Amino acid sequence: MTSQVSKTVLRLEAEDVQTLKDGINFKKHPEDSKCYIIYKGKDKMRACRNQCKHQGGLFIADIEDIDGRTVRCTKHYWKLNVATMEYVNPPDSFMQDELEAVLSDTEGSLELLELNPPDPWTAEPREAQELHAGEITLTYITHACMELKAGNKRMMFDPWLTGPAFARGWWLLHEPPSDAMDRLSQADLIYISHMHSDHLSYPTLQRLSMKRPDIPIYVGDTSRPVFWYLEKSGVNLTNINVVPFGVWQNVDEHLRFMILMDGVHPEMDTCLIVEYKGHMILNTVDCTRPNNGRLPHGVDVMMSDFAGGASGFPMTFHGGKYTESWKADFIKNERKKLLKYKTQLVKSLQPKIYCPFAGYFTEAHPSDRYIKETNIKNSAADLNESIRKSCPNILTWTPLPGSVLDLALALNDPSNRSAITEPPNGTKIYKDSWDFDLYLEELKASVSAEIFKCKSWIQYYYNWAGFKGYNLVIRVIETEDDFKPLKGGYDYLVDFLDLSFPDERPERDHAFEEIKNRVNVMRHVILNGRLWDDLYIGYNNRMSRDPDVYHHKFWNHFQTELPLSAPDWDGFLQTACERSNGCALS
């Protein structure tokens, strides 16, 4: 099998994008004459090949279409709603294979992307064999961590068993079973979906490495390596396997798995298909658009995230429209949209069993009480209720730590209560202590690092970061935990147009963001060359912006594209001290 790749099938320059009208647009590739349909909606663009799934006919404008959303096939008059990618004539028939429409917020260009091959799991198909009770079990551990037992092999997904994620912003909601670390160290293999610290937990892996440093760990071949921070972390793991996308990895004669990329974040996010004796388990984890929206139908088990709230927006924003009532309405609407989307996705894929997971985190630290009270999330029970109403034939599982799904029993008789074993009575479900001090001390230690006695660290750091040529000015203010300015802390401007550090904002028109960062997290990020997810996703900053525009290029750079190696602070200190005969805060 060849590796799955993402390729651009059509590119429109900015001037061509500006000519797109609202609704349906027909476009032809200037070189190979292949035809495409682009739907320009209010909030987003959608695109597909101009080819009917029935017998490959060409679509044209539908003269009966009133809303400007439907096209008609010239062969057999099938109709496609391009706004939803659903065939409406005949109804309930097909979904159109969608292309990913990527609009550049800097150049204004539009690229249509396609995965090739689009459905690699169909290669080397295997017939489903009869399963015996106990042959395949799924045990929920906590958050996104599941233990899969298939035959005599055990596989663990995304083990986050201890410590915080995103510096100090996220903490485990569920108490892992008491033997969770033993289970992890005895697994035959581990899958880690992506580099976010609620999936790639260095505190967890540190403990694991002391027991079994050579345990096989598998990750996808993302453009930013999943384990880019391994050396800097000091964790000793010696058996990390980076595998190509869309290629079956054989574990034994019956068990194999395949890692797929995310259509929206191919640089960092992945999802997983595991197959045992022809029975498939689909784990989409956090993917925004797993495998560009093309996924296997009728799998035995599907698992996905569900909760929402995994971002600093809008809770950490202030000024302008960001009143408490606006935030509450926005969060409520986003929850509803996510619930509806997940329900529709499950309905379209028709898995036999569905389990919501990868959303069991809490903002437990007392200093984040505001976030915890504001950032209301979906519940797994609510999503499963919505799915049961829409698809009563699908068995839903709302997992608790230590609960076990026996796939053979569930497939044989979904009403069999023995198919799901709940944790024993008296089992601790929710965490009530998190060892805050242990982990915050590590952050606190960064505050007094020698580099911060020399103000020139600012210029050195942002030159290392390598982001410039963008008309944005930021003001960064170091703060206490409550986001009040730190006495004696840094308060500086960065002009990314020419990467300068002015004392005042420039007179030219420019975008502006004020970012207040908790000093312990910010200095830890800077000292170690970490990504700014620790700040933004971890709720460790407060922001205002003028105009109120999301600067994707800036945030994408600092969240996914910073250099793989940390700044050379030893070299910096040597140079700085040579110039100044000793550093002093200024």
Side-chain angles (χ1 to χ4, degrees), residues 39 41 43-44 46 48 53-54 67 69-70 78-100 115 118-119 121-122 128 138 146 260 262-264 271-274 279-308 332-359 377-399 405 407 410-411 413-415 419-420:
Y39 179 81
D43 300 320
K44 64 177 294 187
R46 307 189 76 162
C48 64
K53 288 194 77 169
H54 180 218
D67 299 327
R69 298 180 177 181
T70 307
W78 282 38
K79 293 186 179 183
L80 171 68
N81 183 331
V82 192
T84 63
M85 294 295 166
E86 295 178 302
Y87 282 83
V88 293
N89 182 28
D92 301 320
S93 52
F94 293 119
M95 291 289 291
Q96 184 74 343
D97 296 332
E98 190 170 355
L99 303 171
E100 188 66 28
L115 294 179
D119 45 9
W121 56 87
T122 59
L138 279 164
M146 281 272 188
L260 301 170
D262 182 36
V264 175
C271 58
L272 180 74
I273 298 175
V274 182
H279 294 272
M280 280 192 181
I281 296 170
L282 171 64
N283 177 6
T284 65
V285 205
D286 286 357
C287 284
T288 305
R289 189 169 173 76
N291 200 51
N292 216 8
R294 184 148 178 165
L295 295 168
H297 288 238
V299 299
D300 294 272
V301 182
M302 176 182 174
M303 301 181 289
S304 78
D305 64 339
F306 69 93
K332 182 179 180 180
N333 290 333
E334 288 298 298
R335 284 206 323 271
K336 287 182 177 178
K337 286 196 293 185
L338 181 61
L339 198 74
K340 182 178 179 182
Y341 166 71
K342 293 295 181 181
T343 302
Q344 291 175 336
L345 179 62
V346 173
K347 183 179 180 180
S348 69
L349 294 178
Q350 286 292 305
K352 297 178 181 67
I353 302 164
Y354 173 73
C355 174
F357 82 146
K377 308 172 191 69
N378 285 324
S379 76
D382 286 347
L383 175 55
N384 278 343
E385 181 181 358
S386 175
I387 290 169
R388 287 193 296 271
K389 288 180 180 178
S390 179
C391 317
N393 58 309
I394 296 176
L395 174 65
T396 60
W397 176 29
T398 305
L405 170 73
L407 186 57
L411 294 179
D413 180 7
S415 65
I420 297 175

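All values below were derived from every heavy atom in this structure, side-chain atoms included, with hydrogens, water molecules and symmetry-related copies excluded. Everything numeric here is computed off the predicted structure, so don't read it as measured data.
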>> How close do P351 and Y354 get, counting heavy atoms only, and between which atoms?
In response: CG-CB, 4.5 Å
>> Within this structure, what is the CG-CG distance for the pair L395 and L405, rounded to the nearest 0.5 Å?
In response: 7.0 Å
> Short question: side chain of N81, backbone of T70 - any donor-acceptor pair under 3.5 Å?
Replying inline: no
>> List the residues meeting side chain to side chain contact (heavy atoms under 4.5 Å, CB included) with T396, not counting sequence neighbours, and say none if there are none.
In response: N384, I387, R388
>> A side-chain contact here means heavy atoms from C-beta on lying under 4.5 Å apart; do V299 and L349 qualify?
In response: no
>> Determine whether a donor-acceptor pair (N or O, by modelled atom type, separation under 3.5 Å) exists between the side chain of D300 and the backbone of M280.
In response: yes
> Quick one: do the S390 and T343 side chains pair a donor with an acceptor below 3.5 Å?
Replying inline: no
> Out of curiosity, M302 CE to I353 CD1, how far, rounded to the nearest 0.5 Å?
Replying inline: 13.0 Å
>> Please give me the minimum heavy-atom distance between P118 and N291, naming the atom from each residue.
In response: O-ND2, 2.9 Å
> Can you check whether M146 reaches C355 side chain to side chain, under 4.5 Å on heavy atoms?
Replying inline: yes
>> If the test is side-chain contact (heavy atoms from CB on, under 4.5 Å), which one of N283, V301, I420 qualifies with L138?
In response: V301
> Given side chains that start at C-beta, do those of M303 and T284 come closer than 4.5 Å, heavy atoms only?
Replying inline: no
>> Nearest 0.5 angstrom please: D97 CG to K53 NZ, how far?
In response: 4.0 Å
> Given side chains that start at C-beta, do those of D119 and P296 come closer than 4.5 Å, heavy atoms only?
Replying inline: no
> Does K347 reach the main-chain N or O of C391 with its side chain, forming a donor-acceptor pair under 3.5 Å?
Replying inline: no
>> On a heavy-atom basis, which atom in P290 and which in T288 lie closest, and how many Å separate them?
In response: CD-C, 3.8 Å
> Could you state the interatomic distance from CG (L115) to CG (N292), rounded to the nearest 0.5 Å?
Replying inline: 4.5 Å
>> Contact between Y39 and C48 at the side-chain level, heavy atoms closer than 4.5 Å - yes or no?
In response: no
>> Could you report the tightest heavy-atom contact between A83 and R46, atom names first, then the distance?
In response: O-NH1, 2.9 Å
>> Would you say that R69 contacts T84 through its side chain, given a criterion of any heavy-atom pair below 4.5 Å between the two side chains?
In response: no
> Should the ring pair Y87 and W78 be called parallel, tilted or perpendicular, given that the plane angle runs from 0 to 90° and is split at 30 and 60?
Replying inline: perpendicular
> Roughly how far, to the nearest 0.5 Å, is the CG atom of L338 from the NZ atom of K340?
Replying inline: 12.5 Å
> Is a donor on one side and an acceptor on the other found under 3.5 Å between the side chain of N378 and the backbone of F306?
Replying inline: yes
>> Just verifying a value: how many Å separate L295 CG and R289 CZ, rounded to the nearest 0.5 Å?
In response: 9.0 Å
> Short question: side chain of H297, backbone of S348 - any donor-acceptor pair under 3.5 Å?
Replying inline: yes
> Would I273 and L260 satisfy side chain to side chain contact (heavy atoms under 4.5 Å, CB included), going step by step from the backbone distance to the final call?
Replying inline: CA-CA 8 Å; I273 298 175; L260 301 170; 3.8 Å; yes
